Amino acid sequence: GISNLAKKKTIVKQMQAVETLGAIDIICSDKTGTITQNKMTVKEEYVLDENMLNYICALCNDALIYKNKYVGDPTETCLYDYLFDKKINPFKLRKKCERILDIPFDSDRKMFTTLNKIDNDIYILCKGSMDSLIEKMNLSITEKQDALDKVKIFSKNALRTLGFAYKKINYIPKDIKELEKEENNLFFAGILGIIDPPRESVKKSVLLCKNAGIRPIMITGDSIDTATAIAKDVGIISNDDEAILGSELDKYNDKELKNIVKRYSVYARVNPTHKERIVYTLQNSGKIVAMTGDGVNDAPALKQSDIGVAMGITGTEVSKDAAAMILADDNFATIIKAVANGRNVYRNIKNAVLYLLSGNTAAIFAVLYTSLMALPVPFAPVQLLFINLLTDSLPALAIGMEPADEGLLKEKPRDPKEGLMTKDFMIQMAAQGVLIAAVVITAFYLGLRSSTAMASTMAFSTLTLARLFHGFNCRGKKSIFKLGFGTNPYSLYAFGAGALLLGLVIFIPGLHRLFQVQSMPVVSLLQVAVLA
């Protein structure tokens with residue numbers, strides 16, 4: 001199962017994660033790069049000071065170019081493309097304008113600030129969420145409202161919004177704390193609306209999720225309007241009232257939050273604490289939760305979840321270390337493939353156990369029947385060893401190789417508290433065991449007309465061949481003709497190898513004494529085949 005997941009761009013770090021995947025009720029996913037393509041492009045602009053906006057795009061930016069490729073956050077690299085489209089080289093501006101100090105972006109501040117020297121003057125340059133920036137700007141009530149209206153328009157069109165502000169000062173702050181104190185009375189440079197379209201495969205994956213009884217939830221740092229627009233587009237929600245701001249969650253205690261998480265499937269402007277609390281509350285509601293993340297701050301939520309899923313491309317080493325699974329392609333659709341694979345692994349193990357127990361139950365019933373009826377022992381010890389070595393290995397392994405099918409994602413998640421040996425499982429096991437035992441005993445009686453040795457030979461041959469046929473039956477709930485012989489070639493190999501070895505025992509005289517069998521006439525061979 002782990003090997004199959006690796007081929008589907010999923011790296012499993014913890015063995016039990018494969019089983020947990022099959023029981024997931026909820027997938028909490030980040031938006032950027034997982035649900036969306038993470039290919040940012042500036043689509044709309046609201047510019048008040050173009051010159052300073054250009055400087056901020058170039059200087060308040062940590063992305064680089066290495067071997068003619070961008071290295072860094074896609075939001076920042078798209079600002080370089082925006083400048084290049086305007087025939088402005090951002091790297092020339094960066095060489096010309098020295099960076100003196102900076103305050104990196106974090107999830108609490110939601111903004112990035114640098115202190116730069118531009119034409120012998122000192123400037124504070126800021127970019128980030130308009131929610132954070134607007135309170136630090138020198139704007140009138142009308143100007144603030146105009147800016148917020150523009151943000152709302154951009155967001156409703158599924159655009160991420162990025163605000164830009166600046167301030168000229170006449171001294172150089174000595175440290176970050178002093179620089180942070182100067183983040184006030186900023187001048188508004190403008191807003192850019194950035195498009196990050198959903199991945200083409202996500203709509204289908206979200207539908208598969210819902211059909212499989214799995215609830216997809218979007219948790220993002222973006223604005224509620226942007227998050228809602230994307231979530232509606234991919235099918236996670238159908239109404240605006242299914243989205244809530246992270247700050248709203250702080251109003252509720254843990255008991256009240258249980259009802260809140262049932263109602264909302266989009267959480268916007270969240271911080272790491274909100275993420276962890278959402279996951280914890282969902283788990284307390286009896287749900288098995290998968291959580292995706294890529295940043296250092298996502299680590300607590302990844303650890304808290306039943307199965308943490310880190311991003312292989314954009315993920316930090318801290319997030320990968322905290323996760324049980326890594327998506328090599330950062331794609332939401334890959335999670336659904338992993339869920340199907342996890343369900344398949346559990347199903348195959350259950351089917352293999354059913355095969356093994358029903359076959360051994362048949363042998364027990366046959367021996368028990370002959371003992372109670374005071375008949376000769378139906379199997380020699382060496383024959384039982386042969387049956388166990390042959391039929392308990394190859395067909396069972398072949399069942400374990402059964403590929404996943406579409407039907408797996410039409411079933412509801414299994415109850416993780418439910419044991420393997422359910423009432424239905426036990427009834428099925430006993431019924432199959434009785435059926436196989438009945439034909440084995442029938443073969444024994446038919447052989448007993450000739451001799452005890454013939455009875456033992458026919459019972460041994462029938463049980464072995466019946467169990468080889470039973471390997472096909474235990475591949476799944478559907479008929480073998482619906483499953484198809486070619487979909488799992490290993491079952492054919494197992495049957496062929498088993499039938500060949502049984503044939504060698506029956507037809508090679510030199511092996512008769514070793515396995516305590518005797519030659520069977522054609523009629524007896526046909527009886528064994530039909531009964532099996």
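Since the structure is predicted, the reported quantities are computational estimates derived from the model, not experimental observations.
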If you measure from the Lys or Arg side-chain nitrogens to the Asp or Glu carboxylate oxygens, is any gap between Arg109 and Glu183 under 4.0 Å? yes
Are more than 12 heavy atoms, taken from residues, nucleotides or ligands other than Lys410, located less than 6.0 Å from that residue's NZ atom? no
So does Lys110 have more than 12 non-hydrogen atoms from other groups sitting under 6.0 Å from NZ? yes
Determine whether more than 12 heavy atoms belonging to other residues, nucleotides or ligands lie under 6.0 Å from atom NZ of Lys210. yes
If I compare all heavy atoms of Ile237 with all of Ser265, which pair ends up nearest, and what's the gap? CG2-CB, 3.7 Å
Donor-acceptor contact below 3.5 Å, side chain Arg199 vs main chain Gln37: no
May I ask you to decide if Ser132's main-chain N or O and Glu135's side chain share a donor-acceptor pair within less than 3.5 Å? no
Indicate yes or no: at least one non-hydrogen side-chain atom of Phe112 is less than 4.5 angstrom from one of Ile103. no
Not counting sequence neighbours, which residues clear side-chain hydrogen bond (donor to acceptor under 3.5 Å, both in side chains) with Arg414? List them please. none
Do the non-hydrogen side-chain atoms of Leu249 and Ile260 ever get within less than 4.5 Å of each other? yes
Report the distance from atom OG1 of Thr422 to atom CG of Leu420, rounding to the nearest 0.5 Å. 7.5 Å
Pick out which of Lys478, Arg347, Lys482 makes a side chain to side chain donor-acceptor pair (under 3.5 Å) with Asp405. Arg347
Do the side-chain N and O atoms of Ser223 and Ser155 include a donor-acceptor pair separated by under 3.5 angstrom? yes
Check: Leu483 main-chain N/O paired with Thr487 side-chain donor or acceptor under 3.5 Å: yes
Nearest 0.5 Å, what's the CG-CD1 distance between Leu179 and Ile100? 10.0 Å
Give me the atom names and distance for the closest heavy-atom approach of Asn488 to Ala398. ND2-O, 2.9 Å
Decide if atom NZ of Lys287 counts as having more than 12 heavy atoms of other residues, nucleotides or ligands within a radius under 6.0 Å. no
What I want to check is whether the side chains of Gln283 and Asp306 have a donor and an acceptor closer together than 3.5 Å. yes
Separation of Ile219 CD1 from Ile27 CD1 (nearest 0.5 Å): 12.0 Å
For the residue pair Asp254 and Tyr280, confirm or rule out a side-chain donor-acceptor distance under 3.5 Å. no
For Asp330, does its backbone N or O pair with a side-chain atom of Thr334 as donor and acceptor, under 3.5 Å? no
For a side-chain hydrogen bond (donor to acceptor under 3.5 Å, both in side chains) check, start with the C-alpha distance between Thr114 and Asp102, then their side-chain angles and the critical distance, and finish with the verdict. CA-CA 4 Å; Thr114 62; Asp102 63 45; over 6 Å; no
Would you please name every residue forming a ring pair (Phe, Tyr, Trp, His ring centres under 6.0 Å) with Phe84, sequence neighbours left out? none
Would you confirm whether the ring centroid of Phe91 sits within less than 6.0 angstrom of the ring centroid of Tyr80? yes
Taking atom types as modelled and ignoring hydrogens, do the side chains of Lys86 and Asn54 form a donor-acceptor contact shorter than 3.5 angstrom? yes
Using only heavy-atom distances, determine whether the side chains of Tyr171 and Glu182 contain a donor-acceptor pair under 3.5 Å. yes
Report yes or no: does Thr34 contribute a side-chain atom to a donor-acceptor pair with the main-chain N or O of Lys31 at less than 3.5 Å? no
Applying side-chain hydrogen bond (donor to acceptor under 3.5 Å, both in side chains), run through Tyr70 and Asp81 and close with a yes or a no. CA-CA 10 Å; Tyr70 284 135; Asp81 287 333; 2.9 Å; yes
Around atom CD1 of Ile141, are there more than 12 heavy atoms of other residues, nucleotides or ligands at under 6.0 Å? no
Lys9/Asp329 salt bridge by N-O under 4.0 Å criterion: no
I need the Leu53 CG to Leu48 CG distance, nearest 0.5 Å. 9.5 Å
Residues Thr32 and Asn38: side-chain donor-acceptor under 3.5 angstrom: no
Is it the case that more than 12 heavy atoms not belonging to Lys412 sit under 6.0 Å from its NZ atom? yes
Indicate yes or no: at least one non-hydrogen side-chain atom of Cys126 is less than 4.5 angstrom from one of Leu186. yes
Heavy-atom closest pair (Leu21 atom, Gly342 atom, distance to 0.1 Å) is CB-CA, 4.0 Å
Result for salt bridge (Lys or Arg N to Asp or Glu O under 4.0 Å) between Asp225 and one of Lys152, Arg269, Lys150 points to Lys152
Polar side-chain atom of Asn341 near backbone of Gly1 as donor-acceptor pair, under 3.5 Å: yes
Would you check if Ile230 and Ile35 make a side-chain contact, meaning some heavy-atom pair closer than 4.5 Å? yes
dist Asn331:CG -> Met311:CE (nearest 0.5 Å) comes out at 9.5 Å
Using a 4.5 Å cut-off on heavy atoms from C-beta on, say whether the side chain of Leu93 contacts that of Ile88. yes
Short N-O contact, Glu242 and Lys232, less than 4.0 angstrom: no
Do the side chains of Ile217 and Ile236 get nearer than 4.5 Å, heavy atoms only? no
Exercise: identify the closest heavy-atom pair between Val261 and Tyr267: CA-OH, 3.2 Å
Would you mind checking if Lys320 and Asp294 are paired as a salt bridge, meaning a charged N to carboxylate O distance below 4.0 Å? no
Just do the salt bridge (Lys or Arg N to Asp or Glu O under 4.0 Å) check on Asp298 and Lys275 with the steps written out, would you? CA-CA 8 Å; Asp298 291 328; Lys275 287 185 180 182; 2.6 Å; yes
Rounded to the nearest 0.5 Å, how far does OG1 of Thr10 lie from CD1 of Ile335? 8.5 Å
Side chains of Glu45 and Tyr82: do they bring a donor and an acceptor to under 3.5 Å? yes
side-chain hydrogen bond (donor to acceptor under 3.5 Å, both in side chains) for Lys167 and Asn184? Distances and angles first, verdict last. CA-CA 8 Å; Lys167 178 182 174 181; Asn184 56 64; 3.2 Å; yes
Are side-chain N/O atoms of Asn61 and Lys127 paired as donor and acceptor at under 3.5 Å? no
Side-chain donor-acceptor pair under 3.5 Å between Arg160 and Thr75, yes or no? yes
Partner set under ring pair (Phe, Tyr, Trp, His ring centres under 6.0 Å) for Tyr346, not counting sequence neighbours: none
Side chains of Cys28 and Thr292: does their closest heavy-atom pair fall under 4.5 Å? no
Where is the tightest heavy-atom contact between Glu76 and Ala63, given as atom of each residue plus distance? OE1-N, 3.4 Å
Looking at Glu402 and Arg475, does any basic side-chain N land under 4.0 Å from a carboxylate oxygen? yes
Between Tyr46 and Phe188, is any pair of side-chain heavy atoms under 4.5 Å apart? yes
Closest non-hydrogen contact found for Thr226 with Asp222 is CG2-OD2, 4.2 Å
Does atom NZ of Lys117 have more than 12 heavy-atom neighbours from other groups under 6.0 Å away? no
